[in-house]
Structures are given as structure tokens and as C-alpha cells.
Participant: 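Can you read through this structure? Questions will come right after.
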Amino acid sequence: MVHGEGPGSPQRLSNTSPNAKDVLRRRHKRRTRQCLRFMARKALLQEQGLLNMTPEPGSSPSEAPPGSEAARGGRQHPRAGSGGGGRSSRRPAPRKASGPSPSKCVAIDCEMVGTGPRGCVSELARCSVVSYHGDVLYDKYIRPERPIVDFRTRWSGITRQHMHTATPFQVAQKEILKLLKGKVVVGHALHNDFQALKYIHPRSQTRDTTCVPSLLGQPGLHTRARVSLKDLALQLLHKRIQVGQHGHSSVEDAATAMELYRLVEDRWEQEVASSLWSHPEDREPDSSTDVEHYMEDQYWPEDLAPSARIGTGEVQDGRK
């Protein structure tokens, strides 16, 4: 039995060894055929001008013609768009800003009345929000939290009759902030509107027409620190606003601010993009008066343990 098994074992090895070599040979031929097909297609695309293999500045000046030996050795020259060129190794320049989409852009204007001692405190009494195309998204009279001392009708257009069906401030505030959340907000002297709303919008998403250089640099417009919306509309849009004797229209003012923004939108967005590239710290989040919004974990200081959150009332009082 020992003599019978000995010769059989080398015979099985000799039978399997050629099979393994055949498998390797077939794989090599298949890969070679795939490589040849790939290089043939690559040369065809180069001949048709569909594949740009022009070397970048600083690379080897010799350029192999399509189908040549150097062209077939694709590893000798970096492909277009790859990271092998000297230009791509530099820090990429900020891309040209295309601006926010129309659905992400709104304009706002608010009218205020006087409350407090001698009516010196400005509180919200009307708010209008329009879309990128000037459609009215929101326009309501709003009842201030304190008694009105001065309606300022000459400028605001607000009368006592408007307050009979006005929306309470707390309700209106939530409705308006939902419209502004995550939007690019356009307006004139927006700090007054945001103050009346008790709200702070991110600077990177604010477009205030009082001080944009693109508007102040327009021909025929007298350059000064601040220009009224009425003057901007007349000089740049050839449009007369705020000419009635019944006060300003917040819808008209918001729509006019949006028209001014659209007039210089491309240049303005390029300036904003360049500023954000240089100063990324300007990309601050929205501020909101919604208490539940600030109760999320991301707004709690790291040194506050979960057990310390029992004193929520103290934290809210401190924020106010």
C-alpha cells in the first residue's frame, strides 16, 4: 500500500500545477486586453478633443501625441483635474458667489409706534414681509405689549382703529420669525426692525440697503454715510415712494428694498462671499426668543452638568 500511494501523490500535484498556471495566464491576458481597450478609447477621446490632456504650467513641456508610446504610459503625466499639478496644490480661491436662491430671500419692513414715557420707546405696530419677487408673505397690524402713547401716524400710518383687530406681539413675533429663519433678509435700516422684533439675525444673512457700497457707488448718487430709502428709490429705481399723507407703507418699503437688492445682487453677493472667506467668524447662528429653542443641549455651557439644569428659571432670567 505504501508503494502504491507514493507515485500517486506526485501525479496529482503535476495535474493541478498546469491548471493554476492556466488560470494565471488567462487572468493576465484578460487584464492586458482591458488595458489595451482602455488606452484605445483614451486615445480616441483625445483625437476627438473630448479628453483634455494639456499639461498645466510648470509641468513637462513635452506633450505626447494621442496614440503614441508616451500617451499609452498614462502614469507619466498627471490627468487633468488631478492633484499632481502645481496649481491644484495651492489653496483654492473662493468660488464665485451665485447668491441665495429666490426661495431663501425675503425683505422686511416694520412700522413702529411710541410707548413708555412721552412715547419715546418704539414698539412694533405693523410688519410686512415680501418675497424675492415682491409677493406679500406677511402683512399684519400688531398690538404692542405696552399702551400706545404716540401713534406716529404721520410716518407709521397707524391709527387707533388698526389696533382693534391687531395681532398680539407675542403671537406675531413667532409668526414672523418662522418666515425669517434660515433666510437672507433684505431691508433698510434693519437694526430698527430687528430691535422692534426683539431678534438678532446673522450678519452673514443680512442685506441692509442703508450702507451697501455697491449702491452708494452708483453714478449720480451723492455719497454719504447713510442714504434714505426714499432717495435710493428715486435715484436708482426712478420710483417715488413715501409720498402719501397717510404715512409709510411697510409693504411698499419692503418691496423697494428688495428691488434695490436685486439691482446689485451679483456684486453684493460677491462682496459677502469674499468677506466670509476672510472672516469665517461672521457666520453666527440665528438668535431666537423661543425658550424651547435655547433649551437644546447645544446651547448649554460644557461646565454645566445635567443635574444643574434643574435651575432652569434662573438661567432664563439671566438671559433676559
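Worth knowing before you read on, the calculation uses all heavy atoms, side chains too, and leaves out hydrogens, waters and symmetry mates. It should be emphasised that the depicted structure is a prediction, and the values quoted were computed from it without experimental measurement.
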Participant: For the atom pair CG (Leu124) and CD1 (Ile142), what is the distance rounded to the nearest 0.5 Å?
Facilitator: 4.0 Å
Participant: Please check this pair: side chain of Arg207 against backbone of Ser204, looking for a donor-acceptor N/O pair closer than 3.5 Å.
Facilitator: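 At least one qualifying donor-acceptor pair exists.
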Participant: Is a donor on one side and an acceptor on the other found under 3.5 Å between the side chain of Arg152 and the backbone of Ile158?
Facilitator: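 Pair absent, no side-chain N/O of Arg152 close to backbone of Ile158.
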Participant: Between Arg240 and Leu234, is any pair of side-chain heavy atoms under 4.5 Å apart?
Facilitator: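 SC-SC contact between Arg240 and Leu234 confirmed.
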Participant: So do Ile108 and Ile176 actually touch side chain to side chain, heavy atoms under 4.5 Å?
Facilitator: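 The answer is yes; the side chains approach within 4.5 Å.
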Participant: List the atom of Thr206, the atom of His201, and the distance in Å for their closest heavy-atom pair.
Facilitator: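 Minimum heavy-atom separation between Thr206 and His201: OG1-CD2, 3.6 Å.
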Participant: Between Gln173 and Glu145, is any pair of side-chain heavy atoms under 4.5 Å apart?
Facilitator: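 SC-SC contact between Gln173 and Glu145 ruled out.
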Participant: Can you find a pair of side-chain heavy atoms, one from Cys110 and one from Asn192, that are under 4.5 Å apart?
Facilitator: no
Participant: For a quick test of your reading: what N or O donor-acceptor pairs under 3.5 Å do the side chains of residues 251-259 make, sequence neighbours left out?
Facilitator:
{"residue": "Asp253", "atom": "OD1", "partner": "Gln242", "partner atom": "NE2", "Å": "3.3"}
{"residue": "Asp253", "atom": "OD2", "partner": "Gln242", "partner atom": "NE2", "Å": "3.3"}
{"residue": "Thr256", "atom": "OG1", "partner": "Lys239", "partner atom": "NZ", "Å": "3.2"}
{"residue": "Thr256", "atom": "OG1", "partner": "Glu252", "partner atom": "O", "Å": "2.8"}
{"residue": "Glu259", "atom": "OE2", "partner": "Lys239", "partner atom": "NZ", "Å": "2.7"}

Participant: Only pairs at least two apart or in different chains count here, so list each ring-ring contact (aromatic ring centres under 6.0 Å, His included) that has a residue in residues 137-187.
Facilitator: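 For residues 137-187: Tyr141-His162.
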Participant: When you compare the side chain of Ile148 with that of Arg160, does any pair of heavy atoms fall below 4.5 Å?
Facilitator: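 They are not in side-chain contact.
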Participant: Taking C-beta and beyond as the side chain, do Pro168 and Gln170 meet within less than 4.5 Å on heavy atoms?
Facilitator: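 A side-chain contact is absent here, since even the closest heavy-atom pair is not under 4.5 Å.
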Participant: Listed by chain and number, what are the salt bridge (Lys or Arg N to Asp or Glu O under 4.0 Å) partners of Lys140, not counting sequence neighbours?
Facilitator: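 For Lys140 the salt bridge (Lys or Arg N to Asp or Glu O under 4.0 Å) partners, ignoring immediate neighbours, are Glu175.
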Participant: Honestly curious: do Phe194 and Val106 fall in one hydrophobic cluster under the side-chain, below-4.5 Å linking rule?
Facilitator: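 Yes; tracing contacts between hydrophobic side chains, which count when under 4.5 Å, links both residues.
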Participant: A side-chain contact here means heavy atoms from C-beta on lying under 4.5 Å apart; do Pro144 and Met163 qualify?
Facilitator: yes
Participant: Do Thr209 and Trp268 come within less than 4.5 Å of each other through their side chains, counting heavy atoms only?
Facilitator: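 Of all side-chain heavy-atom pairs linking Trp268 with Thr209, at least one is under 4.5 Å.
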Participant: Any idea which heavy atoms bring Glu111 and Ser249 closest together, and the distance?
Facilitator: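 Residues Glu111 and Ser249, closest heavy atoms: OE2-C, 4.2 Å.
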Participant: Going through the checks in order, is the side-chain contact (heavy atoms from CB on, under 4.5 Å) test met by Leu197 and Leu180?
Facilitator: CA-CA 11 Å; Leu197 283 167; Leu180 303 186; 4.3 Å; yes
Participant: Quick check: closest heavy atoms across Thr210 and Ala189, and the distance to 0.1 Å?
Facilitator: CG2-N, 3.1 Å
Participant: Counting N and O atoms only, with roles assigned by atom type, does the side chain of His188 sit under 3.5 Å from a partner on the main chain of Val227, one being a donor and the other an acceptor?
Facilitator: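 Yes, the answer is positive, given that a donor and an acceptor are paired below the 3.5 Å cut-off.
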Participant: I'd like to know whether Val121 forms a side-chain contact (heavy atoms from CB on, under 4.5 Å) with Arg146, so could you lay out the CA-CA distance, the side-chain angles of the two residues, the decisive distance to 0.1 Å, and finally the verdict.
Facilitator: CA-CA 10 Å; Val121 179; Arg146 290 183 285 187; 3.0 Å; yes
Participant: Under 4.0 Å between a Lys/Arg side-chain N and an Asp/Glu carboxylate O for Asp109 and Arg126?
Facilitator: no
Participant: Starting at OG1 of Thr165, measure out to CZ of Arg143 and round the result to the nearest 0.5 Å.
Facilitator: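 One gets 8.5 Å once the value is rounded to the nearest 0.5 Å.
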Participant: State yes or no: do Leu232 and Leu237 share one hydrophobic cluster built from I, L, V, M, F, W and Y residues joined by side-chain heavy-atom distances below 4.5 Å, directly or via other members?
Facilitator: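 Yes; tracing contacts between hydrophobic side chains, which count when under 4.5 Å, links both residues.
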Participant: Do Val171 and Leu177 sit in one hydrophobic cluster, given that two such residues count as connected whenever their side-chain heavy atoms are within less than 4.5 Å of each other, even indirectly?
Facilitator: no
Participant: Following the transitive rule for hydrophobic clusters with a side-chain heavy-atom cut-off under 4.5 Å over Ile, Leu, Val, Met, Phe, Trp and Tyr, establish whether Leu137 and Tyr199 coincide in one cluster.
Facilitator: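 Same hydrophobic cluster.
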Participant: Can you hop from Tyr132 to Leu260 via hydrophobic side chains spaced under 4.5 Å?
Facilitator: yes
Participant: Between the side chain of Asp139 and the main-chain N/O of Ser128, is any donor-acceptor distance below 3.5 Å?
Facilitator: no
Participant: side-chain contact (heavy atoms from CB on, under 4.5 Å) for Glu123 and Lys198? Distances and angles first, verdict last.
Facilitator: CA-CA 10 Å; Glu123 288 200 45; Lys198 300 181 181 180; 5.8 Å; no
Participant: Atom SG in Cys127, atom CE in Met112: separation rounded to 0.5 Å?
Facilitator: 9.5 Å
